[in-house]
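These notes are about the structure you will find just below.
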Amino acid sequence: MREDIERIFFSEEEINEKVKELGSIISAEFRDKNPLLIGVLKGSFVFMAHLLMKIDIPCEVDFMAVSSYGDGTISTGAVKITEDLSHDIENRHVIVVEDILDSGITLNYLTHYLENRKPASITICTLLDKPSRRKTPVKADLIGFECPDVFIVGYGLDYAERYRNLPFIGALKPEIYS
Ligand code: IMP
Ligand code: MG
């Protein structure tokens, strides 16, 4: 598996450090607000688990499953909600937890979808951001790392459902997906 990785962008230690920082920011900003963290499956489940343990205020967790990619590396552009929330979010402070913000298509769709349910606030927290790839305007409120326009895997991120279990984030060798 590791032999398929061309280059490591963010090591396990760097990621842990960053996740700790994000957890502290959320803990400070949402004290007494009992925020609801909404993980966007599947990619965000690793980030969600680690972030959650770095948040030291009362909070709740929910998940949504969204698919827009199929098995390829390029978004099909069509977003489908395959699993909806189990919480009512009216008047709740929601924090959307994403693995990576790429074209913005997923989060743009999701933000509108959530807005219609009248939450008190929506905060977008993404571990990774590829700003150069944006097709629809979306701005994350909390960003772990900016990354270049290369397809990356690990720490929950997959290529055709594989590599999610790598503890670091790295670029796949192009011959793997071309
Ligand atoms: P967007 O709708 O194009 O912003 O894509 C968001 C989703 O695409 C993320 O939640 C990921 O699941 C997936 N994605 C985007 N870029 C990558 C990548 O470099 N590696 C793995 N998955 C990616
Ligand atoms: Mg994916």
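Counting starts at 1 for both ligands and their atoms, in listed order.
Within the 4.0 Å heavy-atom cutoff, D99 counts among the residues contacting ligand 1. Residue D158 places a heavy atom under 4.0 Å from ligand 1. Taking 4.0 Å as the cut-off, I152 counts as a neighbour of ligand 1 on heavy-atom distance.
Salt bridge present: D84 and R117 bring a charged side-chain N and a carboxylate O closer than 4.0 Å. Checked for salt-bridge contact, K173 and D4 miss the test: no charged N lies under 4.0 Å from a carboxylate O. Salt bridge annotation for E60-R92: present, with a cationic side-chain nitrogen under 4.0 angstrom from a carboxylate oxygen. Salt bridge annotation for R134-D129: present, with a cationic side-chain nitrogen under 4.0 angstrom from a carboxylate oxygen.
Listed by number with element, the atoms of ligand 1 under 4.0 Å from a non-hydrogen atom of I105 are 2 (O), 4 (O). Within the listing of ligand 1, atoms 1 (P), 2 (O), 3 (O), 4 (O) sit less than 4.0 angstrom from a heavy atom of S103. Each of the following atoms of ligand 1 lies closer than 4.0 Å to a heavy atom of L157: 21 (C), 22 (N). Close approach of ligand 1 to E98 is summarised as follows: ligand atoms under 4.0 Å from at least one heavy atom of the residue are 10 (O). Taking a cut-off of under 4.0 Å to the non-hydrogen atoms of D102, the atoms of ligand 1 that pass are 1 (P), 3 (O), 4 (O), 5 (O), 15 (C), 16 (N).
F47 and T126 make their closest contact through CE2-C, 4.1 Å (heavy atoms, listed as atom of the first residue, atom of the second, distance).
Sparse packing is recorded around CD of E83, with 12 or fewer heavy atoms of other residues, nucleotides or ligands lying under 6.0 Å away.
K18 forms no cation-pi arrangement with F10, by the criterion of a distance under 6.0 Å to the ring centre and an angle within 45° of the ring axis.
The CD1 atom of I81 sits 3.5 Å away from the CE atom of M64 when rounded to the nearest 0.5 Å.
Across Y177, F151, Y109, heavy-atom proximity to atom 17 (C) of ligand 1 is greatest for F151. When V150, T106, L172 are ranked by how near their heavy atoms come to atom 2 (O) of ligand 1, first place goes to T106.
Under 4.0 Å from ligand 1, the heavy atoms of K130 that appear belong solely to its side chain.
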